[in-house]
Structures are given as structure tokens and as C-alpha cells.
2 protein chains.
Amino acid sequence: MQSRTPASRTGRPRSAAADAAILAATRQALVELGWSRLTLGDVAVRAGVAKTTLYRRWAGKNELVVDAVAELFDELSLPDRGSLAADIEGVVLQFAAILARPEARSGLMAVVAEATRDDALRERIRASIVDRQKRLVLAGRARAQERGELPAQPDADAAARTVDLIFDMVAGAVVHRTLVSAEPADEEWVHGLTRVLLSGLAAAPGPG
Amino acid sequence: MQSRTPASRTGRPRSAAADAAILAATRQALVELGWSRLTLGDVAVRAGVAKTTLYRRWAGKNELVVDAVAELFDELSLPDRGSLAADIEGVVLQFAAILARPEARSGLMAVVAEATRDDALRERIRASIVDRQKRLVLAGRARAQERGELPAQPDADAAARTVDLIFDMVAGAVVHRTLVSAEPADEEWVHGLTRVLLSGLAAAPGPG
DNA sequence: GGAGTTACGCTACGGCTCGTAGCGAAAGCA
DNA sequence: TGCTTTCGCTACGAGCCGTAGCGTAACTCC
């Protein structure tokens, strides 16, 4: 997570329990206080560790929250629901459920905002969260191609661009719906999103 | 903006020049310092006003930045480019150009993050930014229906839901592409986005 | 022109958080 | 038993917050 310890063999080892306690305390503080009122001193008290221990492991508030939020997204999975449409709806609903949790909402957007002025932080977010979940798009596409629902894309570059595009469209739409429009990404909405994604606007005029 | 002055007739009026100077100074501070290091005292010095004047007009940092960023999006327009696809690509490129500016990047995401725990702030964002730009989707849809590119939607509820969905998909995709994936929303990408939006995934296998 | 009202600039203040330094004790390895 | 690293604790200067108080400036109504 925050600092690899590959070489150090001697000396007192860092407490793994402290790591878990700190990250859990960070999420709890995000729920109760939000991003702006969250202080590292408060997190230290909640976790039962000294404030200096926090600063020894993380460079600051940004990096700590990235790690605390990243764990939330690891529970995403893509079970085979029989069709591409059903697969998409299933994983989008999972994603929406995570974004409905307050610790994900305030934490994720805040670190993304900070990352606009911090290249290292942006790379950390990309590695810890974004790229790790892009596997879902890849898996869904491969499965759909096996079913014959999607044509094969022999051009590797074009295929990669499509994967990136779909990821931005799906994740961006859910985030925007949940955080900016402040409306729930419920089954009906996800169904409409999937329809547009697969068939486009012109082909899907009817409701529901 | 921050406080309507409909009834007050007597007394010294608030300086409109100060308003403009403060909002411009806020954007400049966002560029140079980003959200977290931006302080109201610093903005006051840049704008050439007293710090107390800032607190008399805005409740805090959040509200100030919302107003400062909202002005950036008023330059969006939807010129008739002959087809729905061209209209979409044009306005999305405009939107992308705004999001490429650092004062929009860091400011917008930060206030959205804060809004997750502040209903009044979220409503302010919705009124000042989101709903104000939804006019673009409405205008584009009406124009496309006149051209016969999109079918009419007699059901008003379903039509409104579609407009909200498209807005979330387009704005969300551009924001995610620009801020999270940290890749440019250039012409090629916008072209791909438009293609998926209009025709869907299954119908558009080939490259750009 | 005077009275009343509101906005403004300036100074000062207590309170909070930050990030670091320094110390002694604890927990592992040779 | 030494050596090394982590940990908890305390203390500190620095910076920003948001407000109060005061005198002055600008504008309206009489």
C-alpha cells in the first residue's frame, strides 16, 4: 500500500493490525465528518494509534484516503448472467451500490479533485482504483464476444481505445448520476443506460 | 449570485466590480494553488478587498468556488452543425475545452465532493451549473427531432428521463475521461463517444 | 444639505489543525 | 545480549479560520 518493505529485514515490523485499523477509521471518519473536516489527528484517535504513526506511513491526507477508498472497490465482480446486457446491468448496480456509501462518495471525489494538481496522486489513483477495475470491462467484452453479441476487434489499438471509452462512459455516467445529479442509479436508470450503450439513441425510443 | 438584493433600496450598494474581481481572483488562485491550498485570505488580497468583505457575501469557500466556476460554463453554446452527430461532437468538444482549464478541473470536482455532505451546496451546484446547461441537451434533441434523426417521445416523463440520462452519460464521460483517466477528450475520442451514443456498441465495431 | 442606512477597509483575537522534533520504551533479528 | 526499527507520547511554531469592533465611504430619502 503506502510503502513497500522489501529490503528491511531487521528491526521491529510494522503492525498490520494498525494498518487495517487506520484505514477503517479513515472510512468511518469520512462517513461522519466528510473530507474537509476529516483530520489526521482525529483518525489517529479513532484507530487507537499515535498521530506520528500516521505520518510515518502516509505522506498526507490524500494518500491515506486513496488507500482507504480503494479497498471498497475490490468487492466488484462480474458473474455470468447470460447476456451482455444483463452482465452490464449487474456490475453497474454493484458500482452504484458502492457509490451510494458516504465514505466512497466524499472520499473518491475529493482525491480526484486533489489529483488535478498532483501527478503522483493521480497515478496512485489510477493504479489503486481505475486500472484495477478495468478488468471488468475486459472480462465482459471477452464474454460477449464468445457469445457472439459483440464483433471481434482484431486491431489491438482500437480495441484498447474502445475499452477505455466504455469504462469512461459507464463509470462517468454512474458517478455523475449519483454525485452531481444526486439521483439514485436504480434498476430503471441502469436499464436505460444499458439500452443506450448497446443500441444507441436512435434505435431505442420507447420507455422502460 | 450569492445573495439577492431585491428589497434593499437604501444604503451603500454592493460593488459589482468587487464581485467580478473576487470571482476572477478565485479562479486565478485555483490555477496557482488548487483547491486545498486556496485560502479566503489569499483571495481577498488578490482581489484587492478586505477579507471581511468576502465573508459578508459568501458563506464560505464552497459557495465562493461554485460561483467562480459556474461562470466558466456559461460560454457553452450549440450552433447548428447540420446533423445530430455533428452537434453533439461540437458541444462536447466545447465542454472538454472548459474542463481542460485548471480552474475548472480542481474547482468543480472539489465542490462536488463537498456537496456529498451538504444538501444546500448540492442544490446550489445544480441550479448554478447543471440545470443551466441541460438546455443544450433539450435544444439538441428538439433540433434532431425536427430533422427526423430522433423519434418523437410523446410521453413527457420518459422524455425527461432520457434527457437526464443523456446528460449524465455525456457530462460524466467527459469528466471521467479528463479528470480520472487523465487523458485528453480530443476529436478522436469525442467521435467515438458520439458513435456509441447514437448507434450503440454492437453496431459500431470498426475504428474511428 | 442633513439624517438614516448599508457596505467597506482595517485590526485584532481565540481556536483549531498542521507537520515535525525529541524522547524513552517495545518488538523483532543476529 | 546488542542492533535496528517502530511505536506512543508530549510539545512546539506556524498558518488559517471566522468573527468582532470601529471608523469611514457611498447612496437614498426627506
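We name chains A, B, ... by the order of the sequence lines, and we start the count at 1 in each one.
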task = Do nucleotides 19-28 of chain D as a string where each nucleotide becomes B, S or -: B if the base has a protein heavy atom under 4.0 Å, S if just the sugar-phosphate does, - if no protein is that close.
result = BB----BBBS
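- Put simply, CD1 on I22(A) is 12 Å from C1' on dT6(D), counting in whole angstrom units.
- In this structure, L64(B) atom CG and dG18(D) atom P are separated by 12 Å, rounded to whole Å.
- The environment of R147(B) atom CZ is dense: over 12 non-hydrogen atoms of other residues, nucleotides or ligands sit within 6.0 angstrom.
- For residues 155-180 of chain A, every residue pair satisfying the ring-ring contact (aromatic ring centres under 6.0 Å, His included) rule, not counting sequence neighbours, is listed here: F167(A)-H176(B), H176(A)-F167(B).
- Rounded to a whole Å, the CG atom of L54(B) is 13 Å from the C1' atom of dC17(D).
- To the nearest 0.5 Å, the span separating CG on D131(B) from CD on E123(B) amounts to 7.5 Å.
- For E187(B), the CD atom is loosely surrounded, since the number of other residues' heavy atoms within 6.0 Å does not exceed 12.
- One can place CZ of R14(B) at 10 Å from C1' of dT6(C), the figure rounded to the nearest angstrom.
- Comment: R132(B) engages D74(B) in a salt bridge, judged by a side-chain N to carboxylate O separation of less than 4.0 angstrom.
- As rounded to whole Å, 13 Å separates atom C1' of dG8(D) from atom CZ of R57(A).
- Side-chain N/O atoms of S15(B) include none lying less than 4.0 angstrom from OP1 or OP2 on dA7(C).
- One finds no salt bridge joining R37(A) and D42(A) here, because no Lys/Arg side-chain nitrogen approaches an Asp/Glu carboxylate oxygen to under 4.0 Å.
- Ion pair D87(A)/R143(A) flagged as a salt bridge, since at least one NZ, NE, NH1 or NH2 atom sits closer than 4.0 Å to an Asp/Glu carboxylate oxygen.
- If you check residues 32-39 of chain A against DNA chain C, the residues with a heavy atom closer than 4.0 Å are T39(A), listed by number.
- Side-chain contact, Q133(A) with R135(A): a donor N or O sits under 3.5 Å from an acceptor N or O.
- Between the CG atom of D42(A) and the P atom of dG19(C) there is a distance of 15 Å, rounded to whole Å.
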